[in-house]
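Written below as C-alpha cells is the structure these notes are about.
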Amino acid sequence: MSDEKGASPPSRGGSLNEKAAVEGNNTVVDVPKANAGGKEGDDQVDIETALSKLPPDEAEILRAQLQIPDNPISYFTLYRFMDKNDAIILVLSAIAAIGSGAVMPLMTVIFGDLTGTFGGLFMGTVSKEDFMDEVGSLAIQFIYLFIGLFIGTYGLNTGFTHSGETLTAKIRVAYMKSIMRQNTGYYDRIGAGEIAVRITSDTALVQTALSEKVGMSLMSVAMFISAFVIGFTKCWKLTFILCSTVVALCIVIGGGSAFVIKYFRLNLQATGNGGTVAEEVFSSVRNCIAFGTEEKLAENYAVHLRAAEKWGRQTKIGTGFIIGGMMGVIYLNLGLAFWQGAMFVIRGDAEVSDVITTLLALMIGAFALAGVGPNITHIQNGVAAGSKIFSTIDRVSPIDPSDPSGQKLENVQGEITIKNIKFIYPSRPDVLVLPDFSLNIPAGKVTALVGPSGSGKSTIVGLVERFYDPVGGQVLLDGVSLRDLNLRWLRQNVALVSQEPTLFSVSIFENVAHGLIGTPHEFAAEEKKRELVVAACETANADAFIRELPEGYDTNVGQRGFLLSGGQKQRIAIARAIVGDPKILLLDEATSALDTKSEGIVQDALDRAAMSRTTIVIAHRLSTIRNADNIVVMNKGHIVEQGTHEQLMALQGEYAGLVEAQRIGKKLSAANDIDGYSTNSETEVEETGPDLEEQARIVAAEERAGAMSRKLSRTTTGHSVSSKVLRDQQAEEKPKHSIMSLCKMIYGLSRPEKWSLLAGSLLAILMGGGSPVQGVFFAKSVGALSLPPNMYDQMKKDASFWSLMFLMLGLVQFLVTSLSSTIFGLSAERLIFRVRDISFRTLLRQEMGYFDREENSTGEITSFLSTEANDIASMSGATLATILSGITTLVASVVISVVMSWKIGLVCTATIPLIISSGFLRMYLLRTAEANRAKTLAGAASFATECTAAIKTVTSLTRDEEICKAYHDILHKQTRKNLLSTLRTSALYAWAESITILMVALGFWYGGKLMSEGQINVEKFFISFTVILFGAQSAGQVFAFASDIGKARNSAEKVKTLVDRQPAIDVWSTEGQKPETITGEVEFRDVHFRYPTRPHVPVLRGLNLKVQPGQYIALVGQSGCGKSTTIGLVERFYDALHGQVLIDGVPITDYNLREIRKHIALVQQEPTLYQGTVRENVLLGTAGDDSTVSDEEIIQACKDANIHDFILSLPEGYNTQVGNKGGMLSGGQKQRIAIARALIRKPKILLLDEATSALDSESEKVVQAALDKAAHGRTTIAIAHRLSTIQKADQIYLFEAGRVAEQGTHDELMALGGRYADLVKLQALEEV
C-alpha cells in the first residue's frame, strides 16, 4: 500500500515528532524491549481499551468489523449441514451399530444356557450324547450371531466413515464460504496460516468425531444398554442396583469433559497462532534465508508451540483420569455385582444361572463402555475444534459480499463523493487516519492522489472498494451511499491494481480471465474469452513476453506468481483489471514495478483505458499522473492542495516540491543536448521521448530476443550450456522407509522422555493384565456361586473375598490406567512440539528451489506442520496405552489359557492370527487411502491458503463464489474416490470384529467335548475360555485403531523424508571458509542459469560482470531480464548451472553459507515484515546476538531509513505491533523498516532490489541519501526502474536477455545515446 495505515492523529503526531526532532540536544529515546509474539488475549485487551476511549457509535462500528463470536457448541452442531441423504445413511448406520452392539450381550444368553447344560452333565441329569447335541445346537446359534455382527459392523463402519467424510467436506466448504464473505478488518486479526490450520487440522479432528469412532461408540453404548436389558430380564433387582454404574460413569465423563474441552480449545488457538507465523515465514522465505533469521523465527514459532503444549498437557491429564475413572468404576461395579448376586442366591431371590447370565452380560457391556474412552477423547477434540470453525461460520460480516440486498444502479456515471469522512482502522483504533476528509471525484475523469507515505491515499482506495466502513461521514457513488449498494455489484464495477500485485497459481489466461467475473463475458465461450484476454495483455504490454513462454498463455505462474518477475506480474494484473472494461478504475502504484519502456507503453494504455471512466490513481512516480484531470496532494489525512499539474506547479507548493525531488540531475542537460533533447524544454514527456509505437516495437523486439540469444549461447553440439548441465543432473528420488527406521526416528524424538515412556509402558502392561486377572476372578466367582445350598456360608465368604479382589483390581486399574494414559499423553505433547519444531527448522534449511516446487507451497507447508505432528502423536496418549494394554492382554490371556487347559488354549489361540492378519491388511489399505486423501487435502489447503492470503484481491475481483465452487469440487471428487476404499476396508474391519464370535463357538464346542470326555472340569474351562475371549477382544481393539496407525505411519514417512533430505545448498553446513570480514568484490564469470522449476526457460546466458570493493553499481533493464536473479545468486539462493559467482575472488560455493550471508544485506521489491513489534522486526537484521545491539543503534538505523519519526508517532512507539505480514503498516512504511533492518546489519555487500519503489518523493529523497551514505565503504548492487535513484552509481549495467548490453556511468551512457538514454528521457519531468 502506498499510504500508511498507521498514520497518527495530527495532535498526537505533532508532539512526538517534535520530540524526535530535538536531535541537537542529544535527546535519547528509550526503545523498550518487547516479548516475542504478542498474545491474542493481550491484543484483544489493548483493542478494547482503545475502543473504550471512542464515542460509543464509533466504537460499535469498529467492534463489528473485528469481533469474532466465541459460541460454545454441542456435538450435534457438527451435523448442522446434514441433508436427507446423509440422514438416511446415518440412521441406517446407527441401526447397524445398535444391532451389532446387541449381539455380544445376546451371546451371554447362549452362554448361560450352556452353563446350565454343563451343570446337567456333571450332575448326571444329561447324557453325553444329549449334552453334545445341545452344545452343537448352541454353537450354531453363535454362527448366526457372527453373520449378524459381520453385516452390522460392515454397515456401521461404511456408513459412518462415508457420512463423516461427506459432512466434514460440507463443513469445510461452509467455512470457506464464511471466510470469503468476511470483511477485511477480520483478516487484520486472523492470518492465512491460522485459516489453513482450521481448514485442515481442525476439520480433520471434526471428521474423526463424525466418522467410524461414532459408530464404534454407538455400538459400545448399545452393547452396554443391551446388557442391562438382558439383566433386567434375567434378574431385575441386581440390574437395578448396578444402574448406579451409569450415574458414576456420567459424573466421571461429564465432569472431565468440561475440563478437557476448555483446555483443548486453548490448545487449538495457540496452534492456529503458530500456523499464522509459519504461513508468514514461508510466504517470504527468501527474506528469512537472506538475513539468516532462521533461528529467531523458529523461536517465534516455538513460542506458540510451547503455549499449545502447555494447554495440550492439561488436556491429556484430564483425558487420562477420565479413562482411568471409567475403568475403576467398571471393576468396582463387577465387585458389587458378585457380592450382591451371591446375597440374592443365598436368600433365594435369584437363580444361579440368571445371576451368571446377568453378570456376564453386564461385564461385557461394562468393558464395551470402557472402550468408548479413547473415542470420547476424539469426540471431545472434534467438538472443541468445531467451536472455532463454527464461530467463523456463524460470524455475521458487517461488510458481506454475499449479501444479495442493496441497490444495483442501472446506469453508472461514476461520480464518487467523499463527504466528511472520519476513518480509523479497526485493528488500530487508537490511530486516526482521516480526521474529516471530503473530496469530489468527477465521473469519467482521472483523479490522482499524491503525497508522502501515511497521508491516507490508499485508505481512499479501500473506502471506495468498501474494504472498510468509516466511523463518520459517507462515500457516495452517483449520489447513493456505498452502504446502500449491493456490495458484489459495486466491486464488479470497480477494478483495482495494487502496488503488490497478486496472481493465483493457475495459468496466465485464467489469471487475466478472472477480471471478466461479473461482466457479460463471464460465461462466454473460451474462444471469445481468449480474444479479450489477449487484447488486454497486448494493451498492458504483456503479450510479447507471454508468447515467449513455452506454454504461452497456458503457462502456470506458480504460487503468488513467483515464476514471473515483479514487472511481469504487474502487467498481468493490469491486463486483468482492464479486460472487464470496468466503470471505475483504481490504480494504487500500478506501474511501480515496471521498467521505464514498459511503463511508458502501459501508462499510455492506462491513459486510454481511463478515458470515459472514473479513475483514481495513486503514484509516487509523478511522471505517470501529470496528465490527470485533478491532482490531489494529501498530508496527514488532509488535502493540502489540488488542481492540474500546471496549476500546482504554478503554486510552487508541496506538489512542486515533490516534482523537484524526482527530477533527474542537472547533468542530464549536457548529455541530453547530444540527443537533441533539452530538460529545459516545456514540452510534454510524451512528445520528447521516442514515439510510443516505436517504443512498443522496441520492447516487443526485446521481449522476443530470447529466441535469438539462445542460438548465441549454444555449444557445438547444438545444445545450450545450461541444457547440457541439466541433462546430466539426476532427478531427486523419493526415499522409502521401513517401519523400523520410522520407529527409530520417533524413539529418537522421544528419547528425553524415555524413562517416562518406560514407566508408562510398565503401567500399560499392568493395565493390560487387568482383563486376564478379572477373567480368573470371574471364573472363581462363578465357581463360588455354583456351590450347593449346604455350602452357602462358604459362598458368602468366597463372594466377599472375590468382591474385595474386584475392589482391589478396580483401584489398581484406576491408578495404572490414569497414570499410563497421562504419561503417554504428556509425552505425546512433547513429541508434537519436537516434530513441529524440527520440521520447521528443517524446512528453513532447504534450498530455495525446494520452495519453488508446487508441492511445497506455503499452504501445503502450513498444513504439513499442523497435521503431521498430530497424526504421529495420535499413536501416543490414550491410544498407545490402549494398544500396549491390548497386546499385554492378548499375551497374558494366551499364557493363562494354555496353563489352565492347553488344549482349549491352543485351539482358541489358533484363531487369533486370523484377527491379526485381517487387521494388518486393513491397516495397509487404510494407509494407502489415507495417503491419497492427505495429498488431496493438502492441495485443497494450499488452494484455500493462497486465496485467503490474497483476500483483498479475491474480494475485489468478486472471485469468492468461484473459489468456493472450485474448493467444493476438489473435496467432492475426493469423497467419491474414497468411497471405494471405505467399502474394502470396512469388510476387513467387520471380519476382525466378528470373528471373535466364531472363536467363542469353537471354544464352547471343543470345551464341551473335553468336558464330556472328563478331561477338564467347569472351573478350568471357564478360566481358560474367559481369558482367551478377552484376549481376542483386545486384539480386535488394537486394530480398531488401524486408521490412526495408518495416518501415523504416513506422517512419520513424510517427516523422516524431510529430516533426512540433504539440501543442495545447506545453511546448516559447517564446512567452507568463514571470513571475519570481506572487501566486497563481486564477480560473475560466464554465468548461465535457469530456475529449477522452469528448466526450459533460460534466464542468464553467459553473464559477465565485476564489482570492485566499495563500488556502487546499478542494474537496469526491462522486467524479466535477469536483474533479481543476479541478486539471488549473490545471496546464493541458487547455484549457477555454469560459470562462477565469486566474492573477493573466491567462488561463493567455497564459503560457509551462514557466515558469508552475515556480510550481505538485502532489501527486496516487496518488503517483508513479520508478526511482532517494530523493534523485533528491525533486530531481525542483526547478524549476531540481539542483546549486543544498543537502542542507539536501532534508533540510528531507523533515522537513516527515515522511519524514526513515524515510529515515535505511534502510540506504543518501537513496541507497536506491525500485524500479520506487517499488515498494520503501508507499503512505504514497511519498506523503510526493511531498509532499517538492512542497515543495522552493517553489511559489506548491500543488495537493493527496488528498495525505494514504495516511497513517496520526499521519503525517497531522504532514504536515497541515506542509502548513498550507507553505500560508502561497502559494495552496493541496486536494481531500479526509477533511474533518478541510481544516477550517481559508479557503474550502470543495462541487462537484455540475461546479458549485459550496455555499461558505464550515467554520463557515459547518456553520451552513448543508446537504450539507457531512451529510458532516462522517458522518465524526465519538465523543469519549471
Side-chain angles (χ1 to χ4, degrees), residues 592 595-596 620-623 657-675 677 679 1080-1082 1105-1117 1123 1126-1127 1130 1161-1163 1165 1199-1202 1231-1232 1235 1238-1239 1243-1295 1300 1302-1325 1327:
S592 63
D595 59 274
T596 307
H620 288 142
R621 216 180 290 181
L622 302 181
S623 59
L658 294 174
V659 171
E660 186 62 33
Q662 278 193 14
R663 194 178 310 283
I664 293 183
K666 299 281 185 180
K667 293 181 181 179
L668 275 170
S669 301
N672 288 339
D673 286 341
I674 299 173
D675 297 300
Y677 176 80
T679 54
E1081 180 187 83
V1082 179
L1105 183 152
K1106 188 168 185 177
V1107 189
Q1108 298 298 332
Q1111 197 174 28
Y1112 184 164
I1113 73 153
L1115 311 180
V1116 299
K1123 305 184 299 295
T1126 303
I1127 279 183
V1130 174
L1162 169 67
V1163 182
Q1165 183 175 348
K1199 284 180 178 177
D1200 290 344
N1202 194 28
Q1231 205 151 22
R1232 281 184 280 166
I1235 291 169
L1239 295 179
K1244 280 294 183 181
I1245 300 174
L1246 184 60
L1247 306 175
L1248 308 173
D1249 188 352
E1250 286 281 1
T1252 60
S1253 64
L1255 301 183
D1256 59 90
S1257 302
E1258 203 60 44
S1259 294
E1260 181 190 30
K1261 185 178 178 182
V1262 177
V1263 172
Q1264 191 59 48
L1267 290 175
D1268 290 343
K1269 179 182 176 184
H1272 291 305
R1274 59 172 57 105
T1275 303
T1276 304
I1277 301 176
I1279 295 175
H1281 289 142
R1282 214 182 292 181
L1283 302 181
S1284 58
T1285 62
I1286 51 94
Q1287 59 177 314
K1288 296 179 182 177
D1290 298 315
Q1291 197 77 273
I1292 297 170
Y1293 294 86
L1294 178 72
F1295 274 43
V1300 175
E1302 294 180 8
Q1303 70 180 85
T1305 64
H1306 170 74
D1307 293 338
E1308 290 169 353
L1309 293 174
M1310 290 303 298
L1312 185 64
R1315 289 175 180 171
Y1316 176 81
D1318 288 343
L1319 298 179
V1320 171
K1321 292 175 187 179
L1322 287 170
Q1323 280 191 16
L1325 281 174
E1327 210 173 78

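Starting from 1, each residue takes its place in the sequence as its number.
In terms of heavy atoms, Lys1106 sits closest to Gln1111 at O-OE1, 4.1 Å. Contact between Ala1238 and Val1163 at its shortest, heavy atoms only, is CB-CG2, 3.5 Å.
For the side-chain contact (heavy atoms from CB on, under 4.5 Å) criterion with Val1116, the lone passing option out of Leu1309, Val1320, Leu1294 is Leu1294. Looking at Val1300, Ile1279, Ile1292, Ile1286 one by one, the single match for side-chain contact (heavy atoms from CB on, under 4.5 Å) with Leu1115 turns out to be Ile1279.
A donor-acceptor distance shorter than 3.5 angstrom exists from the side chain of Lys1123 to the backbone of Gly1117, with no hydrogens or angles considered. Judged by distance alone, with hydrogens and angles left aside, the side-chain atoms of Thr1305 form no donor-acceptor pair with the main-chain N or O of Asp1290 at under 3.5 Å. Distance alone, capped at 3.5 Å, is enough to place a donor-acceptor pair between the Glu1302 side chain and the Arg1315 backbone.
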Chi angles and distances behind the side chain to side chain contact (heavy atoms under 4.5 Å, CB included) call for Tyr1293, Thr1126: CA-CA 12 Å; Tyr1293 294 86; Thr1126 303; over 6 Å; no

Full working for side chain to side chain contact (heavy atoms under 4.5 Å, CB included) between Ile1245 and Val1107: CA-CA 10 Å; Ile1245 300 174; Val1107 189; over 6 Å; no

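Note that the CD1 atom of Ile1277 and the CD1 atom of Ile1113 stand 4.5 Å from one another [nearest 0.5 Å]. Between atom CD1 of residue Ile1235 and atom CG of residue Asp1200 there is a gap of 10.5 Å, rounded to the nearest 0.5 Å. One finds the CD atom of Gln1303 at 7.5 Å from the CG atom of Leu1105 (value rounded to the nearest 0.5 Å).
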